[in-house]
Amino acid sequence: MLPARVRFAPSPTGYLHVGGARTALFNWLYARHAGGKFILRIEDTDAARNTPEALVAIYDGLRWLGLEWDEGPEVGGDSGPYRQSARQAIYEQHLRTLERGGHVYEDHGTTRFRSPRQPVTVNDLVCGAVTFERDEPDMTIRRPDGSFIFHFVNVVDDLEMGITHVFRGEDHLSNTPKHIELFRALGGEPPRYAHIPLILNPDGSKMSKRDQGASVQSYLDAGYLPEAVRNYLCLLGWSPKDDREKLPIEEIIRLFRPENLNRKNAAFDLDKLNWLQGEYARELEGDRLQQVARQALRAAGLPLENFSADYIDAAIQTCQGKFRLGSELPAYAGFYFTREVALDPQGVEKHFIPENREKLQRTRAAFAACEPFTADPLQAALKATATDLGVKAGVLVHPTRLAVTGSDSGPSLYHLLEILGREVVLTRLDQALAHPGFCR
RNA sequence: GGCGCGUUCGUCUAGUGGCCUAGGACACCGCCCUCUCACGGCGGGUACACGGGUUCGACUCCCGUACGCGCUACCA
């Protein structure tokens, strides 16, 4: 059997959207599964609609998702060039083949392909055998200005590049008989097609360009992890046929088969993506954790440069396993990096009340005397204070946390106190004790 | 309109004639764990679009209807 050659052939008319990314992903998965080549080809025949920015967005998006191509722009290969705008001569040559075979004719300046008008059966890897009658008007393959139409160049390139398998959106299923006719007229063998279901918006409408969350870039910007997005995209139309949902990409590659693809359009479910994102985010540790967290904190404008690397490392470490999206971090751990804490009004109302005044004062005193100022002794000091006062530790924990972080949720209190250090903790406690809520 | 594809919980799915009084996951609700948050554990409700067949027996096979989506371009 021929080594598999699959391709993703986007046209750079906008950003890379999740539907396109998922198409690229399935092609890539098949190539990796079969030990074949994954080829990127840019379909930029429509000069008016293509932009350089869109081209960069495609490259960046694919690379972010880890879908490296074996042949294509910026990588090279034996079947180039990989941008259609540079392949005009090749198209001219194949057009002559069609002319010689009497397959084309001229019509108002355009070139049209004469359909044999015989039923065509598409043997689709996903949809099975689908037969089309072929009674539509002949397709145009070349415009009066000499530029070629999608159907023609797409087929010529698949032929020239030796493409063996094509995974593409189901919207192309009805185009496929045209492509097969072209292949035959060109004397070539069509690749095996696998038409995959479309991605829908949560409301069931077709997800397209300007829909919320349609851009791969928006997930990158929002701090999603590429492995989470990629894993989620795999689940749209494919499943391992058991109960697993979070799978390492190597396992997905191993299991990926066209037969396991669905035929049903799938709605994009942000909740589920978020869940997977959380699954991956909680596994973050070490350098990767530091890198992801620092980026999120900086993006929120927190002045990390004012703090030592050790301090930042330790602060971030207390967030390990506690967040799903980097963008949650500023609210969760921003207090490490601000001078003044922003007090949560609801928390203030609940915890900064007269009956807590003495409790907080006693806690402050215990911390002031705590030596060393580290998590375990701090915990012991707080618990001892609680015992003296005859209350549960939680009664002291809440106002203390609020005073020191401004919020009633955050990292482990004792660890955060240690990192903040005695001076900051005592200062914030004093500021809190001056709050009017305590002497109503 | 014509042609094509599809239809299992709100969503993603498992299911290829009896294992299904339909399984898992997300989301939701309740309880538990707990210094908060998150995590985790336990429990709960919710689905085979509809109508005909075929069969001893249909979520699974066939036909029809409805609904959704796609194609029907000198867009890709």
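Side-chain atoms are counted along with the backbone in the values below, which use heavy atoms only and exclude waters and symmetry mates. Just so we're on the same page: letters track the sequence lines, and every chain starts at 1.
- Using atom P as the reference point in both B:G64 and B:U46, the two lie 34 Å apart (nearest Å).
- Look at the P atom in both B:G18 and B:C28: the space between them is 36 Å, to the nearest Å.
- In the set B:G70, B:G24, B:C37, B:G70 carries the atom at the smallest distance from any side-chain atom of A:Ser174.
- Among the nucleotides B:C12, B:C74, B:G4, the one closest to the side chain of A:Thr110 is B:C74.
- For a distance-only test at 3.5 Å, the side chain of A:Arg401 qualifies as a donor-acceptor partner of the base of B:C35.
- With B:C12, B:C37, B:C35 as the candidates, the nucleotide lying closest to the side chain of A:Lys264 is B:C12.
- Taking atom NE2 of residue A:His151 and atom C1' of nucleotide B:C75, one finds them 9 Å apart after rounding to whole Å.
- Ion pair A:Arg288/A:Glu227 flagged as a salt bridge, since at least one NZ, NE, NH1 or NH2 atom sits closer than 4.0 Å to an Asp/Glu carboxylate oxygen.
- The separation between A:Phe150 atom CZ and B:A76 atom C1' is 6 Å, rounded to whole Å.
- Ring centroid separation for the pair A:Phe268 and A:Tyr232 comes in under the 6.0 Å cut-off.
- In this structure, the CH2 atom of A:Trp275 is 18 Å from the P atom of B:A38, given to the nearest Å.
- B:G30 is paired with B:C42 under the Watson-Crick or G-U wobble criterion, all donor-acceptor distances under 3.5 Å.
- With a cut-off of 3.5 Å on both pairing distances, the Watson-Crick or G-U wobble partner of B:U7 is B:A66.
- Rounded to whole Å, atom C1' of B:C74 lies 13 Å from atom CD of A:Glu106.
- B:C59 and B:C37 have their C1' atoms separated by 43 Å, with the value rounded to a whole Å.
- Closest to the side chain of A:Thr140, out of B:G4, B:C74, B:A25, is B:C74.
- Nearest nucleotide to the side chain of A:Asn265, out of B:C69, B:C35, B:G10: B:C69.
- With hydrogens and angles left out, the side-chain atoms of A:Arg401 and A:Thr405 include no donor and acceptor closer than 3.5 Å.
- Between B:A76, B:C12, B:C5, one nucleotide has an atom nearer to the side chain of A:Lys272 than all others, and that is B:C12.
- Comparing B:C48 with B:G43, their P atoms are spaced 24 Å from each other, to the whole Å.
- For A:Asp46, the side-chain atoms get nearest to B:A76 when compared with the rest of B:A76, B:C12, B:U36.
- For A:Ser409, whose side chain is taken as the heavy atoms from C-beta onward, the closest listed nucleotide among B:G10, B:G4, B:C37 is B:C37.
- Atom-to-atom, CG of A:Asp171 to P of B:C75 comes out at 17 Å; the value is rounded to the nearest Å.
- On the P atoms, B:C50 is 14 Å away from B:U7, given to the nearest whole Å.
- To the nearest angstrom, P of B:A25 lies 16 Å from CG of A:Asp271.
- A salt bridge links A:Arg112 to A:Asp107: one of the charged nitrogens lies within less than 4.0 Å of a carboxylate oxygen.
- OP1 or OP2 of B:A76 has at least one side-chain nitrogen or oxygen of A:Arg143 nearer than 4.0 Å.
- Annotation: A:Phe148 is in aromatic contact with A:Tyr91 [ring centroid separation under 6.0 Å].
- A:Asn123 places its CG atom 16 Å from the P atom of B:G4, with the value rounded to the nearest Å.
- In terms of position on RNA chain B, the residue among A:Phe132 and A:Phe323 whose nearest nucleotide sits closer to the 5' end is A:Phe132.
- Nucleotide B:U16 forms no Watson-Crick or G-U wobble pair with any nucleotide shown, as no partner meets the under 3.5 Å limit on both distances.
- Across all strands shown, B:A47 forms no Watson-Crick or G-U wobble pair with both distances under 3.5 Å.
- Look at A:Thr45 and you'll find a side-chain N or O under 4.0 angstrom from OP1 or OP2 of B:A76.
- One N or O donor and one acceptor, one from the side chain of A:Asn175 and one from the base of B:A76, sit under 3.5 Å apart.
- If you check B:G1 for Watson-Crick or wobble pairing at under 3.5 angstrom, you find it paired to B:U72.
- Atom CD1 of A:Ile42 is separated from atom P of B:C75 by 20 Å (rounded to the nearest Å).
- Across B:C35, B:C69, B:G24, the shortest atom-to-atom separation from the side chain of A:Ser412 is found for B:C35.
- Using the Watson-Crick or G-U wobble rule with both distances under 3.5 Å, B:U36 pairs with nothing in any strand shown.
- Using a 4.0 Å cut-off between a side-chain N of Lys or Arg and a carboxylate O of Asp or Glu, A:Arg134 and A:Glu181 qualify as a salt bridge.
- Between A:Leu236 and A:Gln379, the one whose closest nucleotide on RNA chain B sits nearer the 5' end is A:Leu236.
- Each of B:C74, B:G2, B:C5 was ranked by its minimum atom distance to the side chain of A:Arg112; first place goes to B:C74.
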Please test A:Asp44 against A:Ser85 for side-chain hydrogen bond (donor to acceptor under 3.5 Å, both in side chains), starting from the C-alpha separation and ending with a verdict. CA-CA 6 Å; A:Asp44 55 352; A:Ser85 52; 2.8 Å; yes
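- Taking the charged nitrogens against the carboxylate oxygens, A:Asp430 and A:Arg364 do have a contact shorter than 4.0 Å, which makes a salt bridge.
- Within the structure, a side-chain polar atom (N or O) of A:Ser239 is placed less than 4.0 Å from OP1 or OP2 of B:A14.
- Dashed line: the shortest gap from a side-chain N or O of A:Lys241 to OP1 or OP2 of B:A14 is under 4.0 Å.
- With a cut-off of 3.5 Å on both Watson-Crick or G-U wobble distances, the partner of B:C61 is given as B:G53.
- Using a 4.0 Å cut-off, no side-chain N or O of A:Lys246 falls inside it from OP1 or OP2 of B:C26.
- Contact annotation: A:Asn262 side-chain N/O to B:U13 OP1/OP2 distance is under 4.0 Å.
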